[in-house]
Protein chains: 2
Amino acid sequence: MFLSKSCLYGIRAAIYMASVEGNQFMSIRHISDTLDISFHFLTKILQTLTQDGIMSSYRGPNGGIMLARSPDAILLIDLVRSIDGDQIFTECFLGLPNCGNAVPCPVHDHWATIRTDIAQLLSTIKLSDLAARVNTFGHRLSENDILSSIKKPESQ
Amino acid sequence: MFLSKSCLYGIRAAIYMASVEGNQFMSIRHISDTLDISFHFLTKILQTLTQDGIMSSYRGPNGGIMLARSPDAILLIDLVRSIDGDQIFTECFLGLPNCGNAVPCPVHDHWATIRTDIAQLLSTIKLSDLAARVNTFGHRLSENDILSSIKKPESQ
DNA sequence: AAGATTTAAGACAACTTTGTCTGCAATATA
DNA sequence: TATATTGCAGACAAAGTTGTCTTAAATCTT
């Protein structure tokens, strides 16, 4: 698995939040129910995103969590970096420490290219793009396919 | 981490074996000592490669393990597929089951491209290529840098 | 045949990630 | 001020991965 489950959950939650019209506080419970993700686990992940300024939260009734800025201004790589760090964009393919241009492992050059491509790709994908695809094409965000079953109850 | 530690260890061991002149049985103990990998753990990993016909083993004194075919005929992707399976080459970026062309997740198309690139790359790299680089450039295979310190004791 | 060497196999421990539970802090509403 | 609702925080459990240890099986040497 390229990304940790924490990261996957965080991304899915962010896409869902961006896919809902009007950026308002939304309860984590609602998100975890909708996407079928453990509530407390998701809470911790969203805390990380909040601490990194990608989301903002508010306690109390009608509180919840919301995107701290426009989905246009949130890149997929921002979410990945916040949750999984940027190790995957820097570390050696063979997991060797201190692998770099000076003393590279045998796969170094090859992998560096791919790694850059991945970072490049994730840097071009905006949260708004992903959300738009969800809304337009009914893409799936949960294992239970709740979203698309809601949007397309007659299909399948 | 893109590949599991098991896979990293297996690849490093394979490269080392290919880098040594003459394809003879080599004891796992020697490999684990040289590359600073847990002996028993490495044994299990190499068992997998043996079961998949990539290596062959022989018990008893002067026994050990060797590449089952020429390093020319072993691709990096063979090692990865044997140890980590091909999930990483097929699974959804968001970890959703049943994600495919029919009902893709929002990242599906983008990731499919990268995934193919990675598989393509790993399919072009032969074990012999990697071993040649180790021998020619003194690339590192262990965290302790044993190989390059042996090959280049005066540098550093 | 006996003993040494080596891989094979499985039990088990340590560690990391993932998931659950409980209580606390902040906030709105009545 | 009391109560309900919500995120915050930490302890803890479950599961998966990684690493260790012991015994068995195969094989060579003597």
Side-chain angles (χ1 to χ4, degrees), chain A residues 1-13 17 24-68 80 83-85 87-88 91 94-95 142-143, chain B residues 1-13 17 24-68 80 83-85 87-88 91 94-95 142-143:
Chain A
M1 193 164 4
F2 186 69
L3 301 176
S4 71
K5 280 204 167 191
S6 296
C7 196
L8 300 180
Y9 292 164
I11 292 172
R12 277 153 59 180
M17 291 166 69
Q24 303 172 342
F25 284 114
M26 174 186 293
S27 80
I28 298 178
R29 175 69 69 180
H30 167 69
I31 300 172
S32 70
D33 283 351
T34 304
L35 301 185
D36 199 41
I37 300 171
S38 153
F39 168 68
H40 288 99
F41 195 37
L42 182 59
T43 294
K44 284 182 196 168
I45 298 162
L46 296 183
Q47 270 173 40
T48 301
L49 291 173
T50 299
Q51 285 158 7
D52 285 354
I54 295 173
M55 299 189 176
S56 60
S57 64
Y58 200 80
R59 300 187 195 183
N62 301 317
I65 197 157
M66 64 185 287
L67 301 174
V80 173
I83 301 172
D84 274 355
Q87 284 193 1
I88 46 174
E91 74 187 352
L94 295 185
S142 82
E143 301 193 357
Chain B
M1 192 162 8
F2 186 70
L3 301 176
S4 70
K5 280 205 167 189
S6 297
C7 196
L8 300 180
Y9 291 164
I11 292 172
R12 278 153 60 180
M17 290 166 69
Q24 303 171 342
F25 284 113
M26 173 186 294
S27 81
I28 299 177
R29 176 70 69 181
H30 167 69
I31 300 173
S32 70
D33 283 350
T34 304
L35 301 185
D36 199 40
I37 299 172
S38 153
F39 167 67
H40 288 99
F41 195 36
L42 182 59
T43 294
K44 285 182 197 170
I45 298 163
L46 296 184
Q47 271 173 37
T48 302
L49 292 172
T50 299
Q51 286 159 4
D52 285 353
I54 295 173
M55 300 190 175
S56 60
S57 64
Y58 201 79
R59 300 187 194 184
N62 301 318
I65 197 154
M66 64 185 288
L67 301 175
V80 173
I83 301 171
D84 273 356
Q87 283 192 2
I88 46 174
E91 74 187 351
L94 296 185
S142 81
E143 302 193 356

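Throughout, protein chains are lettered first and strands after them, A, B, ... in sequence-line order, and every chain is numbered starting at 1. As the structure is a computational prediction, the values presented were derived from the model and not from experiment. Scope of the values below: all heavy atoms of this structure, side chains included, with no hydrogens, waters or symmetry mates.
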Please write out the pairs of protein N or O atoms and N or O atoms of nucleotides 2-5 of chain C separated by less than 3.5 Å, giving the distance to one decimal.
none

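- Taking A/S32 as the reference, nothing meets the side-chain hydrogen bond (donor to acceptor under 3.5 Å, both in side chains) condition, with sequence neighbours excluded.
- Side-chain N/O atoms of B/S142 and B/D36 include no donor and acceptor closer than 3.5 Å.
- Within residues 48-57 of chain B, the residues having any heavy atom closer than 4.0 Å to DNA chain C are, in order of number, B/Q51, B/S57.
- Residue B/Y9 has no polar side-chain atom (N or O) positioned under 4.0 Å from OP1 or OP2 of D/dT18.
- A distance of 11.5 Å separates CD1 in B/I45 from OG1 in B/T50, rounded to the nearest 0.5 Å.
- Atoms CZ (A/F25) and P (D/dC8) sit 10 Å apart, rounded to a whole Å.
- In this view, A/H30 and A/Y16 satisfy the ring-ring contact (aromatic ring centres under 6.0 Å, His included) rule, not counting sequence neighbours.
- Note on B/Y58: only backbone sugar-phosphate atoms sit closer than 4.0 angstrom, heavy atoms only; bases stay farther off.
- Every pair tested for side chain to side chain donor-acceptor pair (under 3.5 Å) that includes a residue from residues 56-68 of chain A fails, sequence neighbours excluded, so the list is empty.
- Note: A/I83 CD1 to A/L3 CG = 9.0 Å, rounded to the nearest 0.5 Å.
- Atom CD1 of A/I31 is separated from atom CE of A/M26 by 5.5 Å, given to the nearest 0.5 angstrom.
- Residues satisfying the side chain to side chain contact (heavy atoms under 4.5 Å, CB included) criterion with B/T48, sequence neighbours excluded, are B/D52, B/S82.
- Rounding to whole angstrom units, CE of residue B/M17 and P of C/dT7 are separated by 10 Å.
- D/dG7 atom P lies 11 Å from atom CE of A/M26, rounded to whole Å.
- Between the CG atom of B/L8 and the C1' atom of D/dG19 there is a distance of 15 Å, given to the nearest Å.
- Applying the ring-ring contact (aromatic ring centres under 6.0 Å, His included) criterion to B/F39, with sequence neighbours excluded, gives no partner residue.
- OP1 or OP2 of C/dA9 has at least one side-chain nitrogen or oxygen of B/Q47 nearer than 4.0 Å.
- Under the rule for a side-chain hydrogen bond (donor to acceptor under 3.5 Å, both in side chains), A/S27 has no partner lying at least two apart in sequence or in another chain.
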Would you give me the side-chain donor-acceptor pairs under 3.5 Å for residues 5-12 of chain A, sequence neighbours excluded?
from: A/R12; atom 1: NE; to: A/L141; atom 2: O; distance (Å): 2.8

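- Going from atom CD1 of A/I83 over to atom P of C/dT18 covers 11 Å, rounded to whole Å.
- Within the 4.0 Å cut-off from OP1 or OP2 of C/dA9, not a single side-chain nitrogen or oxygen of B/T43 is found.
- Inter-residue side-chain proximity for B/L35 and B/L42 is flagged as unmet; no heavy-atom pair is nearer than 4.5 Å.
- Separating the CE atom of B/M1 from the P atom of C/dC15 is a distance of 16 Å, rounded to the nearest angstrom.
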Close N or O pairs between protein and nucleotides 20-23 of chain D (under 3.5 Å):
from: D/dT20; atom 1: OP2; to: B/S38; atom 2: OG; distance (Å): 3.1
from: D/dT20; atom 1: O4; to: B/K44; atom 2: NZ; distance (Å): 3.0
from: D/dT22; atom 1: O4; to: B/H40; atom 2: NE2; distance (Å): 3.1

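- If you measure from atom CG of A/L42 to atom C1' of D/dC8, you get 14 Å, rounded to the nearest angstrom.
- In this structure, A/M66 places its CE atom 13 Å from P of D/dG7, rounding to the nearest Å.
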